[in-house]
Number of protein chains: 2
Amino acid sequence: MPQRDPLREQIIAQYDAMSPQLQQAARYVLEHPDEVALVSMRELARHAAVQPATMTRLAKFLGKQGYDDIREHYVAALRRGNDGFAAKVRQRTEGATAAANDTIAAHMLHGLSAQISQLCEPDSLQRLEAIANTLKSARKVYVLGLRSCHSVAWHFHYVMSLLGDRSVHLEGPAGTGGDRLIRAMPDDVMLVVSVKPYAVATLELTQLAKDKGLTILSITDSEVSPLVGLSDQTIFCPTESDSFFHTLTPALAISEVLCTLLAEDDRPQALDALQRADEHFLSLNTYASAIPRRE
Amino acid sequence: MPQRDPLREQIIAQYDAMSPQLQQAARYVLEHPDEVALVSMRELARHAAVQPATMTRLAKFLGKQGYDDIREHYVAALRRGNDGFAAKVRQRTEGATAAANDTIAAHMLHGLSAQISQLCEPDSLQRLEAIANTLKSARKVYVLGLRSCHSVAWHFHYVMSLLGDRSVHLEGPAGTGGDRLIRAMPDDVMLVVSVKPYAVATLELTQLAKDKGLTILSITDSEVSPLVGLSDQTIFCPTESDSFFHTLTPALAISEVLCTLLAEDDRPQALDALQRADEHFLSLNTYASAIPRRE
DNA sequence: ACAAAAATGATTCACTTGTTGCAAACCTTG
DNA sequence: CAAGGTTTGCAACAAGTGAATCATTTTTGT
């Protein structure tokens, strides 16, 4: 793990030119980089058996403005190391990261990319598989996503509707969206998407479905989301963004993965269903040209 | 990687019993455990959009002596996490580089992450900025996205509608979606989203708008998309996926970036508009709890 | 050996930190 | 709608922070 650490290298390079006390301080910093980030300067000095002022002097000696510059360096390093994904993104787009990091757009896209790769953690993958399994055996799947989450819910429903007629989108004009639940049965499943702030209507409809005995699956943004308590299974999507708004991109990614897992479960049937859909669209002239399907 | 974290679990367990402010603080702590260790309480409170005192109160609520108890917990966790380097790195690289071998889900998520980070290329960024600039000075923005692209178009429109009333979604029951173009003027702009296969209706409506003199901006999937010829400016979104279906996640990411650029262009006005939206939702009891806005 | 220069320690200062007490604002619940 | 308790924001606080200053010691060159 060859983490490039310019400050560390600088300290080593200038070590011989330091006074004894400075060396002692510098040595402690080299050997306990985490401490620098986690502990006050005075405490660090105490541990290094050095005067507090020596740390300040070390910073100046290294050409920094003050001790805080040193600390910030190690804080940043620690952050990077722990978030983990940074390394990967950096690796993938070395040039772009360094060059275009200053624009809002580039920064945001990097963040999104990282958030999605976070979903590769074992816990998330397990939840995805589990939810997909539940969906597989459902008689009907009622899909609910209001307001900002409408996009995710609708997209899931749209794809599912290409594969069969098990999906029911809880959406309708004049507030009739919930009506589709009238004939819901305990064998059915509800997939609900909601992130903060949670729409009251979403929670109410979910509660109703739960009361009816449906299995509740949810895509939401936190362990403490009100949906967690209502749901049998949950998968979490990051929503944080540099902008004013939450991002729904990771949630959409989750939804697409679920669709894929479902289709992949019975490939022949999925291909068959898509074939039929293609014919339908063809006869209706829905699309501008034939629909190429791979393989 | 199920890191056992008793404090985290305690917070989750007691979350429902907390007051709103306490919940907001607790939530931020849950979502940013590293920050707790690395920054001062006041700064943490600032990031969480909470009063400093609330953090102290959170500690007391959890039965701790003071905030420092919480911090020390996360400091210890961070220390541990960094010592177990070898294991961690191994795990990380497994999740990142070698994800290909694993499950379908992991592979797919990995691909999505890569596709989005591809959008950081200078050409894409330039196109994004250019489109954002055009959108900024538009009188009205008509948003069109049919079938699978509905999710992207709608999400863009939804966010824009929070910021003002310039956005018009070309969508309506019984095929009336195009009617909104009746009063479109040459000063207006149309943002159209479409990927292969291209819906005929999308192309027709776009052509109509073009004939009316509107500026056409498009989010589409290829240089050879039929939209390219109809559009004044275009940004390309990758849509390839391992599954049967195209992915719209990168397209949604693009849409979110555009929204952010627009909001960021006039921060004060955006904040103002969001403030007004919050009040509206509050008086309608749309959401389950107050909407926290950072800074 | 003895100035001159460098390094170190002690003291102090301006500032931030985490905490607390209090009053205004906010629900509840009779 | 009014009394009650809870929640929240604000202002003040003592303690601790990093930095600056100056006196003292140590080192160095001749």
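Residue numbers start from 1 in every chain, and the chains themselves are labelled A, B, ... in the order their sequence lines are given, proteins ahead of strands.
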Peer 1: Looking at residues at least two apart in the chain, or sitting in another chain, which of them share a ring pair (Phe, Tyr, Trp, His ring centres under 6.0 Å) with B:Tyr158?
Peer 2: B:Trp154
Peer 1: Report each atom pair, protein N/O against N/O of nucleotides 23-27 of chain C, whose distance is under 3.5 angstrom.
Peer 2:
none

Peer 1: Of all residues at least two apart in sequence or in a different chain, which pass the salt bridge (charged side-chain N to carboxylate O under 4.0 Å, His left out) check with A:Lys210?
Peer 2: none
Peer 1: Looking at residues at least two apart in the chain, or sitting in another chain, which of them share a side-chain hydrogen bond (donor to acceptor under 3.5 Å, both in side chains) with A:Thr54?
Peer 2: none
Peer 1: Test: ring-ring contact (aromatic ring centres under 6.0 Å, His included). Region: residues 5-53 of chain A. Which pairs qualify, not counting sequence neighbours?
Peer 2: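 Passing the test, one end in residues 5-53 of chain A: A:Tyr28-A:His32.
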Peer 1: Excluding sequence neighbours, so at least two apart, what forms side-chain hydrogen bond (donor to acceptor under 3.5 Å, both in side chains) with A:Gln23?
Peer 2: none
Peer 1: Salt bridge (charged side-chain N to carboxylate O under 4.0 Å, His left out) with B:Glu43: which residues, sequence neighbours excluded?
Peer 2: none
Peer 1: Got a sec, which residues hit side-chain hydrogen bond (donor to acceptor under 3.5 Å, both in side chains) with B:Glu31, two or more places apart in sequence or on another chain?
Peer 2: B:Arg27
Peer 1: Between A:Gln23 (CD) and D:dT27 (P), how many Å, whole number?
Peer 2: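 Atom CD in A:Gln23 sits about 14 Å away from atom P in D:dT27.
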Peer 1: Heavy atoms under 4.0 Å is the rule here; annotate nucleotides 6-21 of chain C 5' to 3' with B where the base is hit, S where only the sugar-phosphate is, and - elsewhere.
Peer 2: -SBBS------BBBBB
Peer 1: Is the CG atom of A:Asp179 crowded by more than 12 outside heavy atoms at less than 6.0 Å?
Peer 2: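 Yes, enclosed.
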